[in-house]
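Below, all heavy atoms of this structure are taken into account, side chains as well, without hydrogens, waters or symmetry copies.
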Amino acid sequence: GLGNIGFLYDKLFKSKKSNLSHAKSIVGSKKFKLVCGVDKNLSKRKKFENTFKLPSTSDLKKALSKYSPEIAIVATNNNSHYSIIKVLSDFKSIKNIVLEKPGGRNFNELKNIYSLCQKKDISIIVNYTRLFQPYFKKIAKYLKNKELFAIFQYNRGIANNCSHIISYLLSINFPNKISNININVCGFKNNISIYIQWKNIKCLLINPGIKNLELTKLEIFTNKLKFTSDNNFAEFKVYESQKSKLIKKHILFEKFKLLKNVNKNNELKVFYKDLIQNFNEMDKYKKISLTTSKLIEKLKKYEKGYNKKF
């Protein structure tokens, strides 16, 4: 698909330093070659063709037959994920699939997607970019055995926004089983808070009801430190918890500052840099992706049930 994450974000924001879409990230990679874009929308296809001087089509089967790609990126609406992957799995050239989060319409569909790909010997990973970045991996490793409390502010729905933070918290410390995750909901209609807790992790998901503003901000507190992300959850600043003082010379600031090859909003660039390695660790990411999908499904039911009170 040639929508926002597939292609349009880089057209909308016109950033020279950042890669905000799959298309630009692949074109800029030395390891991969983008051969074709597929979308039903003619206007999007023309913009894609003019930008990259590459072909596009509305016919997925035609593109697969003509170009025999090894990797496919599925960046379409959730309702179409399963049907598209069924088509992809019928072509022997396809060895790897990148699927946009959260993957399918629900947990059962994502489980069926993984099962289908396993039968066809296709590696598939859901695109939770922060799971793959060395920078975020280092922080997750540091936080694994710490008692932590996280506050996440979002405004584009539980599936769109919260799947990022839930998958990341699961990567820090995975629950023994999903029934061990405690959930509570409070607030007002269209302005609610959801509290989730397992093992050493406590998290408050807050939707302040703000429209027309991209809000994806995370704060993580330990006994001594506070990690505060920017509004795009692209990097952290580290503070002393008690004094709210930004740590500049502390050893932890050096440890957690962005790596030299990682810039703001360049998650996809890093993802494609180590894409084959990411596929090799597919089983680990599969467990996180499936549990995230299951938990998102439960949270949506809690949210829907809570709003019925008003």
Step by step, work out the side-chain contact (heavy atoms from CB on, under 4.5 Å) result for Val98 and Asn278.
CA-CA 10 Å; Val98 177; Asn278 295 335; over 6 Å; no

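- Between Gly3 and Asp39, the shortest heavy-atom distance links the atoms N-OD2, 4.0 Å.
- When atom types are taken as modelled, the side chain of Ser29 and the backbone of Ser25 share no donor-acceptor pair closer than 3.5 angstrom.
- Closest approach of Ile178 and Lys294 over heavy atoms only: CD1-CG, 3.2 Å.
- The two residues Ser89 and Ile122 make their nearest non-hydrogen contact at CA-CD1, 3.8 Å.
- Of the N and O atoms on the side chains of Asn200 and Glu147, not one donor lies less than 3.5 Å from an acceptor on the other residue.
- The two residues Leu218 and Ala150 have their closest heavy-atom pair at CD1-CB, 4.0 Å.
- Remark: side-chain polar atoms of Ser80 are not paired, donor with acceptor, to backbone N or O of Thr76 under 3.5 angstrom.
- A centroid separation of 6.0 Å or more is found between the aromatic rings of Tyr128 and Tyr168.
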Below 3.5 Å, can you tabulate the donor-acceptor pairs from side chains in residues 279-286 to any protein atom, sequence neighbours excluded?
{"from": "Asn280", "atom 1": "ND2", "to": "Ile276", "atom 2": "O", "distance (Å)": "3.4"}
{"from": "Glu281", "atom 1": "OE1", "to": "Lys284", "atom 2": "NZ", "distance (Å)": "2.8"}
{"from": "Glu281", "atom 1": "OE2", "to": "Gln277", "atom 2": "NE2", "distance (Å)": "2.9"}

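- Counting heavy atoms from C-beta on, the side chains of Phe227 and Leu143 come closer than 4.5 Å.
- Across Leu2 and Lys44, no two heavy atoms sit closer than the pair O-CD, 3.6 Å.
- Under the 4.5 Å side-chain criterion, counting only non-hydrogen atoms from C-beta, Leu170 is in contact with Trp198.
- At a threshold of 4.5 Å between non-hydrogen side-chain atoms, the residues Lys237 and Lys226 do not count as touching.
- There is a side-chain donor-acceptor pair under 3.5 Å between Glu100 and His22.
- Here the side chains of Ser93 and Pro69 are in contact, with some heavy-atom distance below 4.5 Å.
- A cation-pi arrangement is present between Lys146 and Tyr142, with the terminal nitrogen or guanidinium carbon under 6.0 Å from the aromatic centre and inside a 45° cone about the axis.
- Counting only heavy atoms from C-beta outward, the side chains of Asn182 and Ile196 never approach each other to under 4.5 Å.
- For the pair Lys287 and Phe174, the distance from NZ or CZ to the six-membered ring centre is under 6.0 Å and the angle to the ring normal is within 45 degrees.
- The closest side-chain heavy-atom distance from Leu8 to Leu20 is not below 4.5 Å.
- Counting heavy atoms of neighbouring residues, nucleotides and ligands inside a 6.0 Å radius, atom NZ of Lys46 does not exceed 12 of them.
- Here the OG1-CD distance, from Thr228 to Glu219, works out to 4.5 Å after rounding to the nearest 0.5 Å.
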Test Ile166 against Leu169 for side-chain contact (heavy atoms from CB on, under 4.5 Å), laying out the working first.
CA-CA 5 Å; Ile166 289 171; Leu169 292 177; 5.8 Å; no

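- Other residues, nucleotides and ligands place more than 12 heavy atoms under 6.0 Å from the CG atom of Asn50.
- No more than 12 heavy atoms of other residues, nucleotides or ligands sit less than 6.0 Å from atom CD of Glu70.
- Residues Tyr67 and Leu64 do not share a hydrophobic cluster, defined by chaining ILVMFWY side chains whose heavy atoms lie under 4.5 Å apart.
- For the atom pair OG1 (Thr291) and NZ (Lys177), the distance works out to 13.5 Å, reported to the nearest 0.5 Å.
- For the atom pair CG (Asp230) and CZ (Phe236), the distance works out to 9.0 Å, reported to the nearest 0.5 Å.
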Take Tyr154 and Thr216 through the test side-chain contact (heavy atoms from CB on, under 4.5 Å) and record every step on the way to the result.
CA-CA 5 Å; Tyr154 70 99; Thr216 315; 5.9 Å; no

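- Looking only at distances, a side-chain donor or acceptor of Glu109 sits under 3.5 Å from a matching main-chain atom of Arg105.
- In summary, of the residues considered (Ile94, Ile97, Asp90), a side-chain contact (heavy atoms from CB on, under 4.5 Å) with Lys120 occurs for Asp90 alone.
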Any chance you could lay out the side-chain contact (heavy atoms from CB on, under 4.5 Å) test for Leu148 and Phe221, step after step, and finish with the verdict?
CA-CA 5 Å; Leu148 63 90; Phe221 297 85; over 6 Å; no

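- By the 6.0 Å and 45° rule, Arg130 stacks over the aromatic ring of Phe233.
- For the pair Phe7 and Lys24, the minimum side-chain heavy-atom distance is 4.5 Å or more.
- Distance check, rounded to the nearest 0.5 Å: CG of Leu60 to OG of Ser83 gives 9.5 Å.
- Between the CZ atom of Phe152 and the CG atom of Asn161 there is a distance of 5.5 Å, given to the nearest 0.5 Å.
- For the pair Pro55 and Val35, the tightest heavy-atom approach, listed with the atom from each and the gap, is CG-O, 3.4 Å.
- Taking the side chain as every heavy atom from C-beta outward, Ile5 and Ser21 never approach each other to under 4.5 Å.
- Ile71 CD1 to Leu88 CG: the interatomic distance, rounded to the nearest 0.5 Å, is 12.5 Å.
- Within 6.0 Å of NZ in Lys202 there are 12 or fewer heavy atoms belonging to other residues, nucleotides or ligands.
- For Lys199, the NZ atom sits in a packed shell: over 12 heavy atoms of surrounding residues, nucleotides or ligands are nearer than 6.0 Å.
- Side chain of Ser293 to main chain of Ser289: no donor-acceptor pair is present (N/O by atom type, distance under 3.5 Å, no hydrogens or angles).
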